[in-house]
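Structure, as structure tokens:
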Amino acid sequence: MRFHEIGGPEVLRLDDLDPGEPGPGEARIRVDAIGVNRAEALFRSDRYIEPVKRLPARLGTEAAGVVEAVGSGVTGVREGQAVSVVPAFSQNEYGVYAERAIVPAAALLPRPEGVDAVSGAAVWMPYLTAYGAMVEVGGVRAGDTVVLNAASSSVGLAAIHTAVRAGATPVAVTRTRAKSARLLEEGAAEVIVSDEEDVAERVLALTGGRGAEQVLDAVAGPGVTELGRAVAPGGTLVLWGAQSGQPTPYPGFDLGMPALNIRTYTVLEITRDRERLRRAAAFVSSGLRTGAFRPVVDRLFPLQEIVEAHRHLESNTQVGKIVVTVAR
Ligand SMILES: NC(=O)c1ccc[n+]([C@@H]2O[C@H](COP(=O)([O-])OP(=O)(O)OC[C@H]3O[C@@H](n4cnc5c(N)ncnc54)[C@H](OP(=O)(O)O)[C@@H]3O)[C@@H](O)[C@H]2O)c1
């Protein structure tokens, strides 16, 4: 699947290409399921943090499948092994929206026992992203309050589960009341509907005036000033997405120069560091074993309907991950 021009979902096209043989440090996988992420929609429309360097362009960074062949120097994965591809590479270099794909072997994790292809394509991006921001970077502690917007996204739900596992209190923010009940079912201690309520006021009320130790913002834009007001002294506002598409002001001065840490973050900080990825995979696997972590799959689409899958992503009606399956 490639796009030959920048644009909406309709520019995605199925092209008949030979994937070729894996080079040094690479593996070729038979793709069984693909995790659809906001990053691909942004890349397709050239609004991603990394510009499209050449057309036609491949896309996709998260999948599950089986290793078909490995290149020279590859250790740790073998032919016939069930694996997941985690987002550890540039979409300008590799793309997993395909029946077969070549990827860096360092981006492969063995699929845990009992995890099928659909779950294997839905689990890693959300939980690795949440673990990295909250545990590795944010140092979340029991008793902390963690506020997150776009809470119904796959990453948002994983962040709720991660906060609960860490003994912290997750407060979910959504724009509309439609998703409130579902967010409470998924473990949110409170839901704030941002179209109806003042987010900072609610967070301050819920924390006895203290504020939240971590605020995870997937939206950015002008709303950061209000979110900054919801952060406890010494706490951190993590900017991990920019769905608003608007310029993001630096809120520190408008807020009177509080003890506010602001940090951008991507999961690449985890997936491109062998030791951090090892710790993260152990954390996620242990959550899967106990049932604390359960990837939420919103809807399945066949690969031929990738355009519809992207339209559904951009409808913002989903709760959890959209997964594309590859039939043979
Ligand atoms: N930093 C990283 O490494 C990393 C990794 C993965 C994902 N992310 C980010 O995490 C976010 C979720 O990604 P995803 O692929 O899991 O889910 P997604 O399906 O793209 O998330 C969709 C949800 O985001 C909310 N949303 C969309 N546009 C919005 C806007 N303009 N203002 C406020 N809320 C908006 C909506 O929830 P409501 O309508 O309920 O508010 C929507 O249902 C994205 O921002 C993505 O870029 C970051």
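In listed order, ligands and their atoms are each counted from 1.
- Protein heavy atom at the shortest distance from atom 30 (C) of ligand 1 is R175 NH1, 3.3 Å.
- With respect to atom 46 (C) of ligand 1, the closest heavy atom belonging to the protein is R38 CB, 4.0 Å.
- Residues V164 and P170 meet the side-chain proximity criterion, which asks for heavy atoms closer than 4.5 Å.
- Nearest protein neighbour of atom 25 (C) of ligand 1, counting heavy atoms only, is A150 CB, 3.6 Å.
- Proximity of the aromatic rings of F283 and F293 is defined here by a centroid distance below 6.0 angstrom, and this criterion is met.
- When the options I49, D217, T271, T174 are ranked by their closest heavy atom to atom 40 (O) of ligand 1, first place goes to T174.
- Checked by distance only, ligand 1 and A218 come closer than 3.5 Å through their nitrogen or oxygen atoms.
- For ligand 1, the atoms lying closer than 4.0 Å to a non-hydrogen atom of N37 are 15 (O).
- Counting atoms of ligand 1 from 1 in the listed order, those under 4.0 Å from a heavy atom of T266 are 1 (N), 2 (C), 3 (O).
- Atoms of ligand 1 found under 4.0 Å from any heavy atom of N316 (numbered from 1 in listed order, with element): 22 (C), 27 (C), 28 (N), 42 (C), 43 (O).
- In this structure, atom 3 (O) of ligand 1 lies nearest to the protein heavy atom V267 N, 2.7 Å.
- For ligand 1, the atoms lying closer than 4.0 Å to a non-hydrogen atom of G241 are 45 (O).
- In this structure, the side chains of D15 and H4 come closer than 4.5 Å at one or more pairs of heavy atoms.
- For the pair E68 and I29, the minimum side-chain heavy-atom distance is 4.5 Å or more.
- In Q243, the parts holding a heavy atom less than 4.0 Å from any atom of ligand 1 are both the side chain and the backbone.
- Considering each of S180, G35, S153, the one bringing a non-hydrogen atom nearest atom 21 (O) of ligand 1 is S153.
- Looking at heavy atoms from C-beta onward, Y265 lies in side-chain contact with V267 at the 4.5 angstrom threshold.
- For atom 43 (O) of ligand 1, the nearest non-hydrogen atom of the protein is K179 NZ, 2.7 Å.
- For the pair V238 and A133, the tightest heavy-atom approach, listed with the atom from each and the gap, is CG1-CB, 4.4 Å.
- Annotation: atom 5 (C) of ligand 1 to nearest protein heavy atom, T129 OG1, 3.5 Å.
- Taking all heavy atoms of W240, Y265, Y48 into account, the minimum distance to atom 9 (C) of ligand 1 is reached by W240.
- Considering every non-hydrogen atom in both Y131 and R279, the closest pair reads OH-CB, 3.6 Å.
- Between the side chain of R182 and the backbone N or O of S152, no donor-acceptor pair lies under 3.5 Å.
- Using a 4.0 Å cutoff on heavy atoms, S152 counts as a contact of ligand 1.
- The nearest protein atom to atom 16 (O) of ligand 1, hydrogens excluded, is given as S154 OG, 2.7 Å; this is a heavy-atom distance.
- Only the side chain of M125 comes within 4.0 Å of ligand 1, judged by heavy-atom distances.
- Contact annotation for V319 and ligand 1: no heavy atom of the residue comes within less than 4.0 Å of the ligand.
- Heavy-atom contacts from other residues, nucleotides or ligands closer than 6.0 Å to CZ of R141 number 12 or fewer.
- Taking 4.5 Å as the limit, every side-chain heavy atom of P112 sits out of range of all side-chain heavy atoms of V284.
- Proximity of a side-chain donor or acceptor of N92 to a complementary backbone N or O of K53 within less than 3.5 Å is detected.
- Contacts between V219 and ligand 1, counted as non-hydrogen atom pairs separated by less than 4.0 Å, involve the side chain only.
- In summary, the side chains of K179 and T174 do not present any donor paired with an acceptor at a separation below 3.5 Å, with no hydrogens or angles considered.
- With hydrogens left out, the protein atom closest to atom 7 (C) of ligand 1 is V155 CG2, 3.5 Å, a heavy atom.
- Counted by atom type alone, E26 and Y94 present one or more donor-acceptor pairs between their side chains at under 3.5 Å.
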